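Scroll down for the structure; my scribbles are underneath it.
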Amino acid sequence: MVKKGRVFSGARPTGRQHLGNYLGAIKNYVTLQDDYDCVYSIVDLHALTTLEDTAHLREWTYEMALDWLAAGMDPGRGTIVFVQSHVPQVTELHTILSMVTPLGKLTRLPTFKEKVREQPDNVNYGLVGYPVLMCADITLYKANAVPVGVDQASHLEFTREIVRTFNHHFGPVLVEPQAVYTETPRVLGIDGVNKMSKSLDNHIEIASSPEEIYERVRMMVTDPQRQRRGDPGRPEVCNVFSLHQVFTPQETVQQIDSDCRTAGIGCVDCKKMFAKNLADYFAPFRERRARLAENPDEVWEVLHRGAEKAGVIASQVIDEVKGAVGLP
Ligand code: SF4
């Protein structure tokens, strides 16, 4: 089947992935393989902008790769899965692109201002250049498509601007990527308030055992007005219900909706049902993950083979770029 082009996407190494990572990114990554040649990168250099991450880099890279591969990101289908720093041409391209990127624009970006607020004691140069490195990630592989949620389109627009500026100065060498809009639902954590995140410890890891899943689901905040078993509930404000809509068959979801409103079902039973459906959904994933984890060297080997394939594309592009800018 003829593919529509090449997709690039990257994510920082954050270790075991949670339900928010899965529904917001991994599931889309897997589906995109049907229509695109896919290049997926664990962007470890980006992680260096936050110093506390670095102690875990190796372990988190490995755990994340396990989750990605077990979820169905499949080198057997031509997908390239690799670690960003294993293809060093990205740093060369980053340097060259930084020469055509106005500093004022970088420091005015909302994402930079947010980082300055988050880590005022470590406003490093890498934080300013983060979007340029992101542009290098995408353009080094001549990706013509990048999966983004509707609310993230502005991040990609900045990459497109750098590409246009570069091509204006040096000729049409880099590919201007287009957004492939994907569904990126905002998955709330078990606190029912904040976005699911490892740092807030409100997450459910997709590699959890059924028992661990139930433990986390048991802690989920439901409709705060439902104090007693006999109180009618409001599924529309309950995070357990939102997730039932993803992991539970539609007829059962409708039944839960009406049973909740009439206090026909209690939150304990409702959560048990959800935890079971969630555990069942990820059962094949857990099996694949356990098989892969039997041989960690093979997982690293998959990443190294991915880097080799990525490196072939990267070498060609960096040669073209250097030639275009006139580097001898
Ligand atoms: S019964 Fe289910 S949907 Fe209703 S409030 Fe409790 S957990 Fe939420």
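Here the structure is a predicted model, which is why all the values come from computation and not from measurement.
Shown here are the side-chain hydrogen bond (donor to acceptor under 3.5 Å, both in side chains) partners of E301, two or more places apart in sequence or in another chain: there are none. In this view, D34 and R77 satisfy the salt bridge (charged side-chain N to carboxylate O under 4.0 Å, His left out) rule, not counting sequence neighbours. Listed by chain and number, the residues in a side chain to side chain contact (heavy atoms under 4.5 Å, CB included) with K276 are D280 (sequence neighbours excluded). For N277, the side-chain hydrogen bond (donor to acceptor under 3.5 Å, both in side chains) partners two or more places apart in sequence, or in a different chain, are T248. By the side chain to side chain contact (heavy atoms under 4.5 Å, CB included) test, S315 is found to be paired with Q89, residues two or more places apart in sequence or in another chain being considered. Shown here are the salt bridge (charged side-chain N to carboxylate O under 4.0 Å, His left out) partners of D191, two or more places apart in sequence or in another chain: there are none.
Legend: salt bridge (Lys or Arg N to Asp or Glu O under 4.0 Å) pairs involving residues 127-149, not counting sequence neighbours, sorted by first then second residue: K142-E320. Under the side-chain hydrogen bond (donor to acceptor under 3.5 Å, both in side chains) criterion, the residue pairs touching residues 66-76 are D67-R289, with sequence neighbours excluded. Among residue pairs with one or both ends in residues 86-134, those qualifying as ring-ring contact (aromatic ring centres under 6.0 Å, His included) are H46-Y130, H86-H304; sequence neighbours excluded.
A salt bridge links E92 with K322; the closest basic N to acidic carboxylate O contact falls under 4.0 Å. Looking at D223 and R234, a side-chain N of the basic residue comes within less than 4.0 Å of a carboxylate O on the acidic one, giving a salt bridge. Using a cutoff of 4.0 Å between basic side-chain nitrogens and carboxylate oxygens, K115 and E118 are scored as salt-bridged.
Membership of the apolar cluster around M273 extends to F241, V253, I256, I265, as traced through chained side-chain contacts below 4.5 Å between ILVMFWY residues. Side-chain heavy-atom separations under 4.5 angstrom define the hydrophobic clusters, and the remaining members of the one that includes Y214 are V268.
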Give the table of side-chain donor-acceptor pairs shorter than 3.5 Å for residues 156-163, with sequence neighbours excluded, one pair per line with atom names and distance.
unit_1, atom_1, unit_2, atom_2, d
E157, OE1, R160, NE, 3.1
E157, OE2, R164, NH2, 3.0
R160, NH1, P177, O, 3.0
R160, NH1, Q178, OE1, 3.4
R160, NH2, E176, OE2, 3.4
E161, OE1, K105, NZ, 2.6

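The aromatic rings of F282 and F247 sit tilted relative to each other, their planes meeting at an angle between 30° and 60°.
Using a 3.5 Å distance cut-off with no hydrogens or angles, the side chains of D44 and T61 do not pair a donor with an acceptor. Side-chain contact of D259 with Q255: a donor-acceptor pair under 3.5 Å is present, judged by distance alone. Between the side chains of D297 and N295, no donor N or O sits under 3.5 Å from an acceptor N or O. Side-chain atoms of Q84 and S41 form no donor-acceptor pair, as typed in the model, at a separation below 3.5 Å. With hydrogens and angles left out, the side-chain atoms of T50 and R12 include a donor and acceptor closer than 3.5 Å.
Under the 4.5 Å side-chain heavy-atom criterion for Ile, Leu, Val, Met, Phe, Trp and Tyr, L133 and L48 are members of the same hydrophobic cluster. Y62 and I80 fall into different hydrophobic clusters, defined by Ile, Leu, Val, Met, Phe, Trp and Tyr side-chain heavy atoms under 4.5 Å apart, directly or through other members.
Of all non-hydrogen atoms in S98 and V132, the two that sit nearest each other are N-CG1, 3.7 Å.
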